[in-house]
Amino acid sequence: MKDTTIVAMFKVERNVESDFLFDSAEEDVRILAWTTTPWTLPSNTALTVGPKVKYVKVQTTSPYTNVPVSVILAEDLVGKWFAAEGDEKSKKAKVLAKSETFTGKQMEGLRYEQLLGFGNDIEPLDGQTDAFRVITANFVTTSDGTGIVHTAPSFGADDRFAGKANGIGALTLVDKSGKFKATVGEFSNRYVKDYKEEENYRDVNVDIAIRLKTDNKAFNVQKYEHNYPHCWRTDKPVLYYPLDSWFVRSSKMKARMVELNNTINWQPKSTGEGRFGKWLENLQDWNLSRSRYWGIPLPIWRTEGDENLQEKCIGSVAELQAEIEKANTALGLSQSVPEDLHRPYIDDITLVSEDGRPMKRETDLIDVWFDSGSMPYAQWHYPMENEEKFKSSFPADFISEGVDQTRGWFYTLHAIASMVYDSVAFKNVLSTGLVLDAKGKKMSKSKGNVVNPFDTLSTYGADATRWYMMSNSNPWDSLKFDLKGVEEGRNKFFGTLYNTYSFFALYANIDQFKIDEQNVIPVEERPEIDRWIISKMYSMVKLYRERMSDYDVTPACRAIETFVGDHLSNWYVRLCRRRFWKGSMSKDKQAAYETLFECLMVTAQLMSPVAPFFSEWMYGNLTAPIREAAVKNQTPLRHRSIHLTDLVKVDDSLIDTALEERMDYAQRISSLVLSLRKKENIRVRQPLPKVMLPILDASFQTQVEGVKDLIMSEVNVKDIEYLTDTSGVIKKKIKPNFKTLGRRLGKNMKAAAQTIGQFTQEDIANLERTGEYMLSVNGDNIPLTLEDFEITAEDIPGLLVANDGPLTVALDITISDALAAEGMARELVNRIQNLRKSSDFEVTDRINIQLEDKEVVQAAVAQFGDYIKAEVLGDSLDLVADLGSGEAVELPGEETVWISVTKV
RNA sequence: CCUGAUGUGGCGCAACUGGUUAGCGCAUCCGUCUGAUACGCGGAAGGUUAGUGGUUCGAAUCCAUUCAUUAGGACCA
């Protein structure tokens, strides 16, 4: 914004105090002051200098009138306004002579002629009107301008404080509509800024400049780029303007408000302690008044005039009613309580003072933040009624709003509760960060980077959107909102959960399974894998409850994601698929259904605060068939809605950390074996003889033994063999345990690490056998134990080996004829299953199979024919020479055979 | 100018609160599987943890400082 700026010349009056500035009686001495708001110049009542700033008087020629003049400005700024000595080309004014410097303190009290006098009386500030003087204040700098501040106490806080402190009066020559008053000469009634966007608006600031130039009162006029404050909504320039206001003296309650704040649990902590806490410590009084039309009127009536002022503050309609009746009687009026208590009706009400004078309402409204802060009381119409309801809900357990509400809602809630009830208004608060665009920029309509919430909701749904916002990053961090993230969450989390549920529903329908809450198989009687997922589930519940109790929702959501994605879907269901579709209802099958049901139920419950719709849908589907029975028996699933159920509690007896650990081993060992298979290009359907595991401690072997079958079937090997180090074939790796050793060794840690790193296999074997080692570094002997080392199996020379941290596996890849035949059988099963699927057979259809009689398949059919038939629900499996029907399928080894399947 | 927050592969986030190969997901590339899958599995590539300096045996983590983004406030003669 470019504005007209003026350096005005204020003519110094010659008297005893100013005498030191005058070289001769005729000298015209002026003080220079810069302003970016020329419209405030007629309201000037003082000039402010810095007490310690050095000033100087310069003799020159007035640039617009060419008459001799002496001007005073800060010594540091002479170069800004005057040409350097000897610089003839400069357009700046020339220094003809310069005085000795003097301080601002010396100038204090100098009098000058009013710059633009229009005969207005000086208005008192704190009862004083001693205007047109030089005063001092510490805020004056020499960073720009002239080092002398034109001071108009009507416009700007600093000016007002300085004016008050020095007994300077004020001249408020602008009215509330932004126009000069009628008493400002040729500028009367003109807008000081272009508020109306008039076609022929003539900038009054320019006219002021012209007037000053003509009158030999301007030293410099130019357009200058600066930040003039503008209204955020209308983008029109703002004026600082003195208004009478009603304040709440919050500053008096500061200490108590800080104390109370310290009892509030802020999430994140730093907002409460830092941002909000620091702000409270620097608290200003609360200006309640707003000069507007819509809002809550101040309920204050006052007598007119300053004489024996009386005031009434009305607290209820009943009180107003009583006061109106009093006024009606005293003043002979016939008013009644307006139906609408807002403006303009309320303004018509006249009350009466104790001494019989009429009282009019203060026309201002109350700051709308007061409404927000009054919410806890207003929502119950307390204290007029509902005392019980109010007391049971105050203070609030929890609120949440954007972090930009620090001095909005958070503050007004806190201020009112502190002042009125000496209480906090909320015990826990989560201040959320801002939602930015995908690039981290603030969303704004003008930039066009706004995400339309309604489009997002209709495309992805409220649950996926909210899940993304809660799980992607902590809600108090600013969120780079990216629709791709919403989509990813929908696909990955909701998709997986949906499919897991569908899988359950598919087979539960086939088997007519219905949960019987009172007759489930006790967990301890269920298979290990069931106990495992249930243990995992309760571990999740435990973490979830801890995090949620702390209003830390993101880790809670992520725990659900991990459970659903990694454990439930990708491990439990995958490994248990057979149990659901194999055979008729058995105890094992029932256990599987019950386990999966419980996991889905609990998942739905935990996710329900963030994904209320999906969880409700899933809960409804899972429990509708048993609702009647549940209601009758008053069991936990009797509720129509998941949002009415009791949140599942942790059952520590069902958390088995050893079981979780060995399953973790199983997953990691399986993963290592699969990676070895991959490396050797051996497909999983090809059985292999054995996996070998180096055993470094006995508990590891016990643990693996517990999941041996699982690993074997998962990676399709026939056996697991344990290698103890007595066999001497394992090559080991040793590392110091930095955590235990670091503190003890300190400076010697580095040397020790080097020594240990150079251990031979024999050294390691010795250490393992004796369990101790005497370390000598820099002359010290330090006894170490096995605890101080981390020993891992690194390699088994001659075998195919892979490792993952402390885990190491070796794989035997010798394929015997029998294994090859079995592998082929599994390939055939796979191909036949594909044919079933592409032929659109029902999952339960039984089939006859014909297979082209080729050498590659003969051994498989001969040895594993029954297995194949069982797997694919085949009644018959025949080898047929030159089979030309069905479909040609590819088998390993680039063989092709014809297979034909028909429904029985 | 002051205060707070944030800064980690292309992107979004982790890292037991100072402990040694900085992980995960998405995206990319190669391969593979699938009668629950908007899937899954295996592999590859991708990092000076914003910069600089310091403390420490050891720093993404602690300190100082600079920069960037963002919020709030002060000031704007």
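Lettering of chains follows the sequences in order, A, B, ..., and the numbering in each one begins at 1. As a basis for the values below, the full set of heavy atoms in this structure was taken, side chains included, without hydrogen atoms, waters or symmetry mates. Please read these numbers as outputs of a predicted model, since none were measured by experiment.
Between B:C26 and B:C39, the distance separating the two P atoms is 10 Å to the nearest Å. Nucleotides B:G7 and B:C63 have their P atoms positioned 14 Å apart, rounded to a whole Å.
Listed candidates were B:G35, B:C26, B:U3. Nearest to the side chain of A:F841 is B:G35. In the set B:G35, B:U6, B:C13, B:U6 carries the atom at the smallest distance from any side-chain atom of A:D477. Among the nucleotides B:G35, B:G4, B:G12, the one closest to any side-chain atom of A:R836 is B:G35. Distances were taken from every side-chain heavy atom of A:N570 (C-beta onward) to each of B:A71, B:G40, B:C33; the shortest belongs to B:G40.
Salt-bridge check for A:K542 with A:E546: failed, with every basic side-chain N at 4.0 Å or more from each acidic carboxylate O.
Nucleotide B:C75 is matched to nothing when pairs are restricted to Watson-Crick or G-U wobble geometry with both distances under 3.5 angstrom. In this structure, B:G9 forms no base pair with any nucleotide, since neither Watson-Crick nor G-U wobble geometry is met with both distances under 3.5 Å. The partner of B:G31, taking Watson-Crick or G-U wobble pairs whose two distances both stay under 3.5 Å, is B:C41.
In this model, the phosphate group of B:G19 is not approached by any side-chain N or O of A:K735 to a distance below 4.0 Å at OP1 or OP2. At B:G58, none of the side-chain N or O atoms of A:N748 fall inside 4.0 Å of OP1 or OP2 (strictly under the cut-off). Between A:R683 and B:C33 there is a side-chain N or O to OP1 or OP2 distance below 4.0 Å.
Side-chain atoms of A:T271 and base atoms of B:A5 include no donor and acceptor less than 3.5 Å apart.
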